[in-house]
Amino acid sequence: QVQLVESGGGLVQPGGSLRLSCAASGMIFSLNYMAWYRQAPGKQREAVATITSAGTTIYLESVKGRFTISRDDAKNTMYLQMNSLKPEDTATYSCYLHYGFRDYWGQGTQVTVSS
């Protein structure tokens with residue numbers, strides 16, 4: 001019914017930038033509560049950033065000032081702009097959507113920050 005597909009991951013040098021996209025498809029008429037999560041090897045999955053339909057955002061303390069979450073309702077797409085990337089940001093990033101009393105997850109996209 002609903003599918004989420006992430007894109008935009010890759011290998012970048014420390015200090016570089018990437019923009020992740022999460023496209024939602026299916027019977028979706030609006031985007032409500034959305035978020036980006038990440039999980040590094042040997043670490044717990046953590047919420048990186050969240051955004052509501054009203055545009056309210058919340059960020060993980062370690063990414064504040066560097067990452068920006070946004071959405072485009074016309075395209076049913078959520079974005080995560082990542083600047084000043086650090087090796088500690090290396091992880092698999094997944095998008096999340098709460099819609100119609102259901103939780104939906106994407107498959108994830110790999111982000112590697114290394115020189």
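Computed from a predicted structure; not experimentally measured.
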Do Leu80 and Ile58 land in one hydrophobic cluster if side-chain heavy atoms of ILVMFWY residues count as linked below 4.5 Å?
no

Do the side chains of [Y] and [X] get nearer than 4.5 Å, heavy atoms only?
X	Y	answer
Ser25	Val2	no
Leu20	Thr109	yes
Lys86	Arg66	yes
Gln1	Tyr104	yes
Pro14	Pro87	yes
Tyr33	Leu97	no

Has Glu46 got more than 12 heavy atoms of other residues, nucleotides or ligands less than 6.0 Å from its CD?
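Correct, the count exceeds 12.
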
From [X] [atom1] over to [Y] [atom2], what is the distance, rounded to the nearest 0.5 angstrom?
X	Y	atom1	atom2	result
Met78	Thr50	CE	OG1	10.0 Å
Cys22	Trp36	SG	CH2	5.0 Å
Met34	Asn76	CE	CG	9.5 Å

At their closest point, which heavy atom of [X] faces which heavy atom of [Y], and how far apart are they?
X	Y	result
Cys95	Leu4	SG-CB, 3.6 Å
Ser21	Thr77	CB-CG2, 4.3 Å
Ala35	Ile69	CA-CD1, 4.4 Å

Would you list the pairs meeting ring pair (Phe, Tyr, Trp, His ring centres under 6.0 Å) in which at least one residue belongs to residues 42-81, sequence neighbours left out?
none

Name of the residue among Gln39, Arg45, Gln110, Glu6 meeting side-chain hydrogen bond (donor to acceptor under 3.5 Å, both in side chains) with Thr92
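Answer after filtering Gln39, Arg45, Gln110, Glu6: Gln110.
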
As a quick check of understanding, evaluate side-chain contact (heavy atoms from CB on, under 4.5 Å) for Leu85 and Leu18, giving each step before the final call.
CA-CA 8 Å; Leu85 284 163; Leu18 283 175; 4.2 Å; yes

Any residue meeting ring pair (Phe, Tyr, Trp, His ring centres under 6.0 Å) with Tyr96, in chain and number order, not counting sequence neighbours
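Tyr96 satisfies ring pair (Phe, Tyr, Trp, His ring centres under 6.0 Å) with Trp105 only.
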
Do you see a donor-acceptor pair shorter than 3.5 Å between the side chains of Arg38 and Tyr93?
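Distance-only check passes for Arg38 and Tyr93.
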
Donor-acceptor pair between Ser17 and Asn83 side chains, under 3.5 angstrom
yes

